[in-house]
There are 2 protein chains.
Amino acid sequence: MAVTIRDVARAAGVHVSTVSRTFSAPNLVKVDTRERVLAAAAELGYRPNQAARALTTGVTHNLGLIVADIANPFFPPLIKSAQSYARVRGYQVFVADTDEDPRAEEELISILAKQVDGVVLVSPRLSNAAIAGLSADLPFVVVNRNVKGLPAVLMDIGSGAATAVEHLAGLGHRRLMLLGGPRGSWTSEQMRRSAAAAAERSGVSLEITGPNAPTERGGRLAAAAVLEAGATGVIAYNDLMAIGTIEGLSGSGVEVPREVSVVGVDDTVAGRVARPKLTTIAMPTQEAGRSAVDLLLHAIDMPGGRGAAKTTLETSLVVRESTAPPPPLK
Amino acid sequence: MAVTIRDVARAAGVHVSTVSRTFSAPNLVKVDTRERVLAAAAELGYRPNQAARALTTGVTHNLGLIVADIANPFFPPLIKSAQSYARVRGYQVFVADTDEDPRAEEELISILAKQVDGVVLVSPRLSNAAIAGLSADLPFVVVNRNVKGLPAVLMDIGSGAATAVEHLAGLGHRRLMLLGGPRGSWTSEQMRRSAAAAAERSGVSLEITGPNAPTERGGRLAAAAVLEAGATGVIAYNDLMAIGTIEGLSGSGVEVPREVSVVGVDDTVAGRVARPKLTTIAMPTQEAGRSAVDLLLHAIDMPGGRGAAKTTLETSLVVRESTAPPPPLK
DNA sequence: CTGAAAGCGCTAACAA
DNA sequence: TTGTTAGCGCTTTCAG
């Protein structure tokens with residue numbers, strides 16, 4: 001075992017509680033004593049054992065961050081910003097991946113529960129009821145999902161989707177299609193609603209499919225439906241799916257954007273480097289990560305606090321090369 | 001606070017040690033007692049507190065995974081596979097991001113030290129000496145770095161780089177350039193050596209630049225050097241950089257692959273969807289993640305064990321559209 | 001097979 | 001300002 005508080009106490013010729021104090025409440029100990037302790041600690045290479053500390057204080061200084069799929073490029077920037085912000089505030093972050101499986105999500109939460117002071121659920125796949133249930137034990141912040149009574153960071157994908165519909169309608173498209181995301185996705189549901197309303201307002205038709213896997217493969221598979229429906233404007237659940245759709249379309253000899261326009265969501269690297277460069281709805285992922293941690297830390301600081309702070313972040317449409325006017329009608 | 005072992009003991013009418021045993025050594029307790037305890041535990045929703053358990057046993061059932069940059073698409077697949085494999089083996093994984101900063105790396109290791117049973121260092125930026133020093137306290141496994149005395153997972157990028165050189169030489173290129181990665185990168189050093197040797201064997205010239213930032217931006221900046229050197233074949237440290245280089249080149253009116261060929265490394269999504277599709281050296285990231293955890297668990301199981309198991313994984317060249325014969329000499 | 005007791009590393013009243 | 005004394009939740013001898 002490593003060096004403990006007792007070794008330091010002995011070396012400094014003080015009692016353990018004095019050592020404890022010099023670390024947790026330095027101002028309660030006389031300056032020169034403190035220095036003696038610090039010197040001894042430095043010499044021995046002492047580092048407080050967080051876990052032991054947590055046992056008495058109930059504070060772990062760890063946060064949990066649960067995502068559906070680390071390999072999905074939507075998440076890494078969010079994780080990264082959450083983590084770096086948490087670190088600034090003195091917290092470590094446990095990142096866990098559920099593989100899009102609601103049961104794994106539940107399992108992970110309960111395993112993490114004892115080791116963290118709170119958890120951020122990003123784009124959860126669990127039902128609202130389940131989340132609300134779990135939240136009795138532990139502070140939660142939810143990203144991209146609105147759960148009654150819980151703090152949340154919401155990205156306003158609804159208005160993003162509406163903007164995308166208007167963009168496509170403005171270009172002259174009359175038959176649009178929305179490729180929905182996975183079951184249980186709040187984002188997908190928001191898109192559905194707002195896109196439908198926007199389509200109606202703009203006087204264009206909108207067909208909706210789904211659930212689809214939020215991957216290139218899911219997009220490739222969905223391409224057939226696009227063709228079948230005769231849609232010339234497509235909004236995909238995310239960039240990966242949009243890229244897959246474009247591939248699927250071009251596999252059938254249909255060119256993007258000459259014949260069909262495609263809009264993605266997330267503004268990932270993949271979309272930026274794909275050809276044609278993807279028109280996409282940019283999600284403020286970095287801010288979301290930061291805000292989520294911020295909200296969580298608030299919730300932790302004042303337990304039972306005034307709960308349910310909601311932060312809504314704007315999205316924006318980035319027009320690039322995958323959208324254009326439709327071909328003239330024959 | 002949540003329900004503890006004591007609550008369960010009371011409910012089941014046994015002593016706490018019996019409850020403890022039914023969880024940690026079930027066969028030491030009579031069947032019906034065990035069942036009574038389990039029933040009480042289930043009823044109360046008891047979950048052993050890992051942190052408290054760790055305090056006595058010294059086993060946390062957590063692993064640390066330290067990477068330079070989660071947002072770099074090279075890492076997520078590795079993280080994901082490490083994590084899912086660890087979970088199967090009953091371990092949670094703390095993922096931490098150092099932002100390419102060696103000091104942050106050191107800091108993170110020491111913070112994590114008390115909360116994990118071992119750590120995987122992926123593409124560390126720390127010096128070998130520093131790593132070796134730290135490894136006294138805690139089992140380590142290093143990925144993409146060979147540290148004496150430590151288990152490691154090595155991706156054979158050397159042979160990958162050599163293959164890339166031969167590929168380019170075979171296409172007819174005579175002036176190659178290698179865009180090195182960040183300072184302290186073992187991968188970059190391996191590439192340098194093998195590429196130089198391969199170039200010599202193939203009778204082509206090879207110029208080497210670096211360090212460069214392993215990002216699109218780094219690649220864009222390096223494009224100027226490529227032009228200046230008059231190289232027609234480029235091997236970039238990773239896909240992101242390769243993509244940046246292609247952008248930079250095309251910004252100067254130079255077409256890839258018609259005028260210059262570019263090879264990336266990592267085989268990320270970004271490279272797959274970029275246009276032209278990137279020729280790249282595929283890294284076995286998923287296997288690396290799994291192998292690293294495997295090695296680490298071995299090291300943990302037999303401390304002071306026969307140390308230093310090295311696993312070497314093959315890389316392979318994926319030829320796509322960013323490489324072609326050079327233009328005829330004028 | 002089960003209970004009693006000590007202790008993991010640390011903090012937190014309470015005295016002194 | 002510092003030492004004493006109890007624990008936090010759990011495991012682990014050692015008895016019984």
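The model shown is predicted, which means the values in this text are computed figures rather than measured ones. Here is how names work: the chains are called A, B, and so on, in the same order as the sequence lines, proteins then strands, and each is numbered from 1. Any value given below was found using the heavy atoms of this structure, including those in side chains, with hydrogens, waters and symmetry copies removed.
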Checklist entry - Hey, is NZ on A/K148 packed in by over 12 heavy atoms from elsewhere, all under 6.0 Å? => result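 No - once you tally the heavy atoms of other residues, nucleotides and ligands closer than 6.0 Å, there are 12 at most.
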Next on the checklist: I'd like to check the side chain to side chain donor-acceptor pair (under 3.5 Å) partners of A/D69; sequence neighbours left out, ordered by chain and number.
Outcome noted: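 With neighbours one apart ignored, the set is B/K80.
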Next on the checklist: Is it the case that the side chain of B/S81 and the backbone of B/Q286 share a donor-acceptor pair, with hydrogens and angles ignored and the cut-off at 3.5 Å?
Outcome noted: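 Yes; at least one donor-acceptor contact below 3.5 Å.
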Checklist entry - Salt bridge or not for A/D97 and B/R87, using N-O below 4.0 Å? => result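 A salt bridge is absent here (no side-chain N lies under 4.0 Å from a carboxylate O).
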Report the residue from [options] that forms a side-chain contact (heavy atoms from CB on, under 4.5 Å) with [X].
{"X": "A/L63", "options": "A/V119, A/V120, A/L297", "answer": "A/L297"}
{"X": "A/I109", "options": "A/L126, A/D137, A/T98, A/V116", "answer": "A/L126"}
{"X": "B/V142", "options": "B/N128, B/L295, B/L150", "answer": "B/L150"}

Could you tell me how far apart [X] ([atom1]) and [N] ([atom2]) are, to the nearest whole angstrom?
{"X": "A/I5", "N": "C/dT11", "atom1": "CD1", "atom2": "P", "value": "5 Å"}
{"X": "B/K114", "N": "C/dC10", "atom1": "NZ", "atom2": "C1'", "value": "12 Å"}
{"X": "B/L55", "N": "D/dT11", "atom1": "CG", "atom2": "C1'", "value": "10 Å"}
{"X": "A/R53", "N": "C/dT11", "atom1": "CZ", "atom2": "C1'", "value": "9 Å"}
{"X": "A/D7", "N": "C/dC8", "atom1": "CG", "atom2": "C1'", "value": "13 Å"}

Checklist entry - Can you list every pair that meets ring pair (Phe, Tyr, Trp, His ring centres under 6.0 Å) and has a residue in residues 13-47 of chain A, with sequence neighbours left out? => result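 Residue pairs with at least one partner in residues 13-47 of chain A: A/F23-A/Y46.
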Checklist entry - Tell me, which pairs form a ring pair (Phe, Tyr, Trp, His ring centres under 6.0 Å) where one or both residues lie in residues 132-153 of chain A, sequence neighbours left out? => result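 Listed by first then second residue: nothing to list.
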Item to check | B/R6 side chain, from C-beta outward: closest of D/dG9, C/dG3, C/dC10 | outcome: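 Per side-chain heavy atoms of B/R6, the pick is D/dG9.
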Item to check | side-chain hydrogen bond (donor to acceptor under 3.5 Å, both in side chains) between B/Y91 and B/N62, intermediate numbers included | outcome: CA-CA 5 Å; B/Y91 282 77; B/N62 289 144; over 6 Å; no
Checklist entry - Using a heavy-atom distance cut-off of less than 4.0 Å, which residues of residues 30-43 of chain B contact DNA chain C? => result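 By residue number: B/K30, B/T33.
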Next on the checklist: Using a heavy-atom cut-off of 4.0 Å across all strands, would you classify B/V14 as base, sugar-phosphate, or nothing?
Outcome noted: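 Since only primed, P, OP1 and OP2 atoms lie under 4.0 Å of B/V14, the category is sugar-phosphate.
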For nucleotides 12-16 of chain C, which of its nitrogen or oxygen atoms have a protein nitrogen or oxygen under 3.5 Å away, and what is each distance?
none

Checklist entry - Between the two end axes of the helix from C/dC1-D/dG16 to C/dA16-D/dT1, each built from 5 base pairs, what angle do you get to the nearest 10°? => result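 Here the local axes at opposite ends form an angle of 40°.
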